[in-house]
There are 4 protein chains.
Amino acid sequence: MTSSSRPGLPPAEVAPAGRPHTGRQRSEAARSAILNAALELLGDSGSAGLTIDAIAATAGVGKQTIYRWWPSKGAVVLEAMTERAGIEAPVPDCGSVTEDLTSFLAATFRNASKSSVSRKLRFVMAEAQHDPQTAEVLGEFTAERRNSLRVILERGQARNELSKAADVDLLIDQAFGFLWYRMLVGHAPLTRRMAKALAEGLVRQALVR
Amino acid sequence: MTSSSRPGLPPAEVAPAGRPHTGRQRSEAARSAILNAALELLGDSGSAGLTIDAIAATAGVGKQTIYRWWPSKGAVVLEAMTERAGIEAPVPDCGSVTEDLTSFLAATFRNASKSSVSRKLRFVMAEAQHDPQTAEVLGEFTAERRNSLRVILERGQARNELSKAADVDLLIDQAFGFLWYRMLVGHAPLTRRMAKALAEGLVRQALVR
Amino acid sequence: MTSSSRPGLPPAEVAPAGRPHTGRQRSEAARSAILNAALELLGDSGSAGLTIDAIAATAGVGKQTIYRWWPSKGAVVLEAMTERAGIEAPVPDCGSVTEDLTSFLAATFRNASKSSVSRKLRFVMAEAQHDPQTAEVLGEFTAERRNSLRVILERGQARNELSKAADVDLLIDQAFGFLWYRMLVGHAPLTRRMAKALAEGLVRQALVR
Amino acid sequence: MTSSSRPGLPPAEVAPAGRPHTGRQRSEAARSAILNAALELLGDSGSAGLTIDAIAATAGVGKQTIYRWWPSKGAVVLEAMTERAGIEAPVPDCGSVTEDLTSFLAATFRNASKSSVSRKLRFVMAEAQHDPQTAEVLGEFTAERRNSLRVILERGQARNELSKAADVDLLIDQAFGFLWYRMLVGHAPLTRRMAKALAEGLVRQALVR
DNA sequence: CCCTAAACGAGACGGTACGTCCGGTCTTAAT
DNA sequence: ATTAAGACCGGACGTACCGTCTCGTTTAGGG
């Protein structure tokens, strides 16, 4: 998420330039206290206990200051996560699709199997199911993640490792679907071994025949 | 969910046979009014508006009667769904894995793309993220669904259509993962075409080589 | 309270004699278990905690068995008290009004200053304020107590110790009013000394002039 | 009850002056709507029907706003009564104790025999029996009332109409005891004639001999 | 010895109110 | 204009009791 798309920027940057900005400016201290508080509370007690009141109290901030800059709890958490938690696995380039894919998925799985990270992702996903605004932010986040994977797979096609006919979106959604499904249901772990097997499976599906 | 695992059966069926059961028996009318109310409310207004108070009022039932037999809202909805909504696709047997798989996934996708069904599933999944009791019921539900798929895939292995070495659980979680991921994030549809492509991809991934 | 006015006698004694009575008879064990339970609970936890459910559970009795024989909680407690607690001071005859009155009031005060007794009386009085049935039973109880005092005072008038013109009901209500007021508000104790002073005051008020 | 002892004043007036008070101030509109609602409900339906929910609904107020400022239903009613109902008879000064006393008691009885007032007093007394916080407020209220009467009686002693040796508290509790006893049990009325007789009786008890 | 009737322990039922929590809005005084 | 503080209305939560209503069982006459 780029700085300019961050929710809740002060109106000054949006104003029609006639009136440049008047009054007190947004407090960066408040902003970061809020993000910290959200992460901390979500770490401590899990989704319960993460209330707007609690965030405000923990951050030493008025509730209005939260509502002024974020549309919903989910947005706060997601912004906190993406900014702080280093949740976004980098796109590697090892020379082969299988290796790239394995490396990317392994990094992603490792992250997601940290309970602190998983707790946050699961929370945001749950919020998104009844809060359209969280759904939108989550939509942007997941789209970005899918793009990373698309880069890898399309490079594979370009190198002629994977069939041009392969449906890349199908592969992507299998990969992230697998990840989220295990995270959300919790019936099986997200190990490095699973990442490797999944990567190989996906490549086998899309191999040039 | 079999009748005997239904939550909240009267103690008689559970008691160690010493004391056979005394007192008034569970009212089937109340039970079914509650399930109906839950489905109706979830259909009308989506997850918001599905409150215990509303269910009780709609069903003409005391709140305690709900709490007596179900641990949580999610459990009510899930039981209502599994009992009423015919959500469970049957395990077909067409002679070939690809056909079986395609048919199974197509039926499942068709179901899940009905907004009435999807709304309920998404609601239960969201609930499960902060309510352990819903998580447990959802766990049972998803385990059953995975078993259906496992039957198909293991039949494929038995018929030597699929490699014995294939990791069946990996395939299963790719399939259901794909389904849930698209349902929950909503970035792409669940069409019959996707079901077919997914089925073929999974088979190709597990083919005897 | 005489035996025949005890609430909840079996209909047999009321039936029009055509059909004498058939079926199981009232269980004395249940009756006394209920009264015991009421006293015990009121002793333990004070008015809170004295619920019909609790009485039934403590007595090992179905709730219906309580509702069958008593119209209200207050009635149970009052019957328990009058039957068990020996709450009714006897009417003494010492030869002089002042002595009789002092003795009667002292006995009454001593009783009422036992917290176990006072708790019960205060409970019944509170109940009576919003439950007409308790109010009625309490009315009977207090009427009886007033009659005891009336006997003493009218004997005083007969002996020419007190003026025939004295308003006996006024004196009685001053005495019991004093008692209840201190019991209910709790701002001052009910000592033997107070009983004596009160008795003397009342006698002085009603002396033949 | 003076304004400064009114329960639930904003912390500002209580705070140690370090932080002068910040945030929205207590809404006088809400406060008075609550008191009105309490009186109205108690007038309409008697103690039943006077629930916190009903008060909040009638006053158009959140329940929390009630709980924020009053410890209990009884406290609300008592504050409403003392503030609105003009329940406190003034201390007259007619020149003679008997006249003062008669006038005071007659006014008090007239008030208490209005069913609207009596209903409220009886309600508060009943509440006080199982709610310590109501008991406390009621204690303050009755203490104040006793003080009014004490002023009259001590003036009588000062003027040498009443014996210096008379136990003033004994007389006071006979008077208010009489009042409350008849109000609570309801076996006899509180007429002007009774007020006069009571006043004369009490004076006769305490006359200089 | 059965038959009918009533009382029993148990406990589920529809309701009402409770007191708490939280959401989202608003009003202060201060910066 | 924004901030921390905090009161406001609204509404869902889960619990506790209420008084009623079945249940199956037990205990009495009366035929």
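Within every chain, numbering begins at 1; the chains are lettered A, B, ... in the order of the sequence lines, protein sequences first and strands thereafter.
Side chain Arg24(B) to base dC13(E): no donor-acceptor pair is found below 3.5 Å. Between the side chain of Thr22(D) and the base of dG6(F), no donor-acceptor pair under 3.5 Å is found. Remark: the Lys63(D) side chain and the dG19(E) base include a donor-acceptor N/O pair separated by less than 3.5 Å.
Atom CZ of Arg31(B) is separated from atom P of dG14(E) by 14 Å (rounded to the nearest Å). Following rounding to the nearest Å, Ile66(D) (CD1) and dT20(E) (P) show an atom-to-atom distance of 13 Å. Here dG19(F) presents its P atom at 11 Å from CD1 of Ile55(C), a figure rounded to the nearest Å. We find that CH2 of Trp69(C) is positioned 11 Å from P of dA6(E), with the value rounded to whole Å. Atom CD1 of Ile34(C) and atom P of dA7(E) are 13 Å apart (whole Å). Here the P atom of nucleotide dC9(F) and the CZ atom of Arg68(D) are 8 Å apart, to the nearest Å.
Each of dG14(E), dG9(E), dA4(F) was ranked by its minimum atom distance to the side chain of Val61(C); first place goes to dG9(E). With dC13(F), dA12(E), dA17(E) as the candidates, the nucleotide lying closest to the side chain of Asp53(D) is dA17(E). Of the candidates dG14(E), dC22(E), dC8(E), the closest approach to any side-chain atom of Gln64(D) belongs to dC22(E). For Ile52(A), the listed nucleotide lying nearest its side chain is dG23(E); candidates were dC8(F), dT28(E), dG23(E).
Note that Arg31(A) lies outside the cation-pi zone of Trp69(A), set by a 6.0 Å cut-off to the ring centre and a 45° limit from the axis.
Take the nearest nucleotide of DNA chain E for Gly23(C) and for Leu50(D): the residue whose nucleotide is more 5' is Gly23(C). When each of Ala59(A) and Gln25(C) is assigned the nucleotide of DNA chain F with its nearest heavy atom, Ala59(A) is the one assigned upstream, toward the 5' end. Mapped onto DNA chain F by nearest heavy atom, Thr51(B) and Gly62(A) fall at different nucleotides, with Gly62(A) at the one closer to the 5' end. Both Ala56(B) and Tyr67(D) sit near DNA chain E, but only Ala56(B) has its closest nucleotide nearer the 5' end.
Contact record, Gly74(B) with Val124(B): O-CG2, 4.2 Å, taken as the closest heavy-atom pair.
Between Gln133(B) atom CD and Trp70(B) atom CH2 the span is 14.0 Å, to the nearest 0.5 Å.
For the side-chain contact (heavy atoms from CB on, under 4.5 Å) with Leu41(B), the lone residue among Thr51(B), Asn36(B), Ile55(B) that qualifies is Ile55(B).
Surrounding CD of Glu136(C) are at most 12 heavy atoms belonging to other residues, nucleotides or ligands under 6.0 Å away.
Lys73(B) has a side-chain polar atom (N or O) that falls below the 4.0 Å cut-off from OP1 or OP2 of dC13(F).
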